[in-house]
Amino acid sequence: MVSGSVMSIYSGDFGNLEIKGNIQFAVDYVDSLKELHIFVAQCKDLAAADVKKQRSDPYVKTYLLPDKGKMGKKKTLVVKKTLNPVYNEILRYKIEKQILRTQKLNLSVWHRDSFKRNSFLGEVELDLGTWDWDNKQNTQLKWYPLKRKTAPVALEAENRGEMKLALQYVPEPLPGKKLPTTGEVHIWVKECIDLPLLRGSHLNSFVKCTILPDTSRKSRQKTRAVGKTTDPVFNHTMVYDGFRPEDLTEACVELTVWDHYKLTNQLLGGLRIGFGTGKSYGTEVDWMDSTSEEVALWEKMVKSPNTWIEATLPLRMLLIAKISK
């Protein structure tokens, strides 16, 4: 399972059903409540998850993109044993109108089987940036054809802010020792600049570090959370030992920035600093995908031991590898 919820739209899809049928819904913005209301009326002619009995147990799920955070997921009830479910439910989002204009509404239909597994039955996407909120016609119920999945929007290159940091490679932390010692990599997370706001004006961010390929708890360190600012100053140094010279070509420093809200952490963006070779210890891995700027920082660090190398790098959306317990 990938980061917090970046991929939950695309996960848990059992059975490849054909995509057919239509959904009827309406959207409206209620200024007095500062709420987006999605009135989900009904679907008709859905694909049958149970082919023999020609029926499904469908429900409707909505997200606001590109932020698919936990606050962003709403669902109707499941209507059992039908291809023409009637919902007549209102799904609500508390959101400022100007933020709404930066969002897309993703509305998807799913069959939920008795094992709580989900099968995708189709989706509709509305760009709320181009939506005419003043046209009353737009608040009327409309039928939309269900379509197949679109590519993950969260992976587009949008501005996710930057991180100012410095790295240092210390080949011999204890000089003069007779026994050969392994080296250390020091990571100084200074600050982030211009982080994206996912929930109005609130932001409570922290930085997490993992040295891939090791995703064990031992490998994970994090800063404290800094609230109420898009430019948090962390000034936190992390030290990782056990680096032999040859490990420097195989490892990758993954730094991720998260927004901590209630009980969930949502990924804002991250960096992967390494040689970006696509391989680690002889195995092809998708996390060895450093950008040229990230590679440049790592190369400088390796070439100039015992020296802090500073950089300010743009954060990007990462698909996070599964964390082993």
Side-chain angles (χ1 to χ4, degrees), residues 1-7 10-11 152 154-155 157 160 163 165-175 177-189 206-223 236-258 265 267-325:
M1 177 61 191
V2 191
S3 78
S5 57
V6 167
M7 294 297 281
Y10 312 99
S11 67
L155 308 183
R160 297 189 162 270
M163 185 187 295
L165 74 162
L167 298 186
Q168 176 173 218
Y169 172 51
V170 182
E172 289 184 56
L174 299 166
K177 280 270 162 92
K178 290 279 189 291
L179 292 166
T181 55
T182 53
E184 293 174 350
V185 170
H186 297 206
I187 300 151
W188 179 3
V189 177
F206 68 93
V207 178
K208 191 155 73 173
C209 183
T210 305
I211 306 287
L212 299 170
D214 181 4
T215 56
S216 70
R217 276 192 194 283
K218 182 174 65 68
S219 158
R220 277 179 283 163
Q221 297 187 34
K222 61 182 189 196
T223 68
H236 183 107
T237 305
M238 308 177 188
V239 174
Y240 287 90
D241 57 14
F243 273 90
R244 302 164 305 184
E246 59 269 30
D247 294 324
L248 294 171
T249 53
E250 312 296 341
C252 172
V253 173
E254 182 177 84
L255 288 161
T256 46
V257 186
W258 301 78
N265 292 324
L267 181 63
L268 297 175
L271 306 171
R272 286 204 183 113
I273 303 163
F275 280 126
T277 56
K279 286 201 185 77
S280 172
Y281 298 105
T283 307
E284 287 195 14
V285 291
D286 49 12
W287 46 259
M288 255 308 187
D289 63 351
S290 300
T291 64
S292 53
E293 291 172 279
E294 291 165 348
V295 171
L297 171 58
W298 193 248
E299 280 178 347
K300 274 188 208 150
M301 179 201 79
V302 172
K303 284 195 186 116
S304 322
N306 303 310
T307 312
W308 283 111
I309 309 294
E310 191 181 296
T312 301
L313 299 176
L315 296 167
R316 56 194 177 99
M317 189 34 96
L318 303 178
L319 296 185
I320 305 298
K322 199 186 205 107
I323 299 290
S324 58
K325 288 287 176 273

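Counting only distance, with no hydrogens or angles, the side chain of E250 and the backbone of P213 share no donor-acceptor pair below 3.5 Å. Side chain of E284 to backbone of K279: no donor-acceptor contact under 3.5 angstrom is found.
Within the structure, the salt bridge (Lys or Arg N to Asp or Glu O under 4.0 Å) test picks out the following pairs touching residues 295-313 (sequence neighbours left out): K190-E310.
How far CH2 of W308 is from CG of L167: 7.5 Å, rounded to the nearest 0.5 Å. Atom CG in D247 sits 11.0 Å away from atom CG in D214 (nearest 0.5 Å). Put simply, CG on L297 and OG1 on T312 are 10.0 Å apart, with the number rounded to the nearest 0.5 Å. Between T223 atom OG1 and I187 atom CD1 the span is 12.5 Å, to the nearest 0.5 Å. Atom NE2 of H186 and atom CD1 of I309 lie 13.5 Å apart (nearest 0.5 Å). Here OG1 of T182 is found 11.0 Å from CD of E172. Values are rounded to the nearest 0.5 Å.
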Run the side-chain contact (heavy atoms from CB on, under 4.5 Å) test on W287 and S280 for me, step by step, so that the C-alpha distance in whole Å, both residues' side-chain angles and the decisive distance to 0.1 Å come before the verdict. CA-CA 9 Å; W287 46 259; S280 172; 3.4 Å; yes
I would like to know whether L255 and M163 meet side-chain contact (heavy atoms from CB on, under 4.5 Å); could you show each step before the answer? CA-CA 9 Å; L255 288 161; M163 185 187 295; 4.0 Å; yes
Show, in sequence, the C-alpha distance, side-chain angles and deciding distance for M301 and V185, and conclude whether the side-chain contact (heavy atoms from CB on, under 4.5 Å) test is met. CA-CA 9 Å; M301 179 201 79; V185 170; 4.2 Å; yes
Determine, stepwise, if the pair Q168 / W188 fulfils side-chain contact (heavy atoms from CB on, under 4.5 Å). CA-CA 8 Å; Q168 176 173 218; W188 179 3; over 6 Å; no
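The residue from I211, L271, T210 that alone fulfils the side-chain contact (heavy atoms from CB on, under 4.5 Å) condition with V253 is I211.
Side-chain contact between V302 and Y169: absent, with no pair of heavy atoms (C-beta onward) separated by less than 4.5 Å. Side-chain contact between W298 and L248: present, with at least one pair of heavy atoms (C-beta onward) separated by less than 4.5 Å. Side-chain atoms of N306 and P171, non-hydrogen and from C-beta on, do get closer than 4.5 Å to each other. With a 4.5 Å cut-off on side-chain heavy atoms, L267 and T256 count as touching.
When all heavy atoms of H236 and K222 are compared, the pair lying nearest together is CE1-O, 3.5 Å. Here the closest non-hydrogen pair linking F243 and A251 is CE2-CB, 4.0 Å. Smallest separation of non-hydrogen atoms from R220 and Y240: C-OH, 4.0 Å. The two residues S290 and V295 come nearest to each other via the heavy atoms CB-CG2, 3.6 Å. Nearest approach of E254 to L212, heavy atoms of both residues: OE2-CD1, 3.6 Å.
Take D289 and apply the side-chain hydrogen bond (donor to acceptor under 3.5 Å, both in side chains) test, not counting sequence neighbours, and it matches R272, R316.
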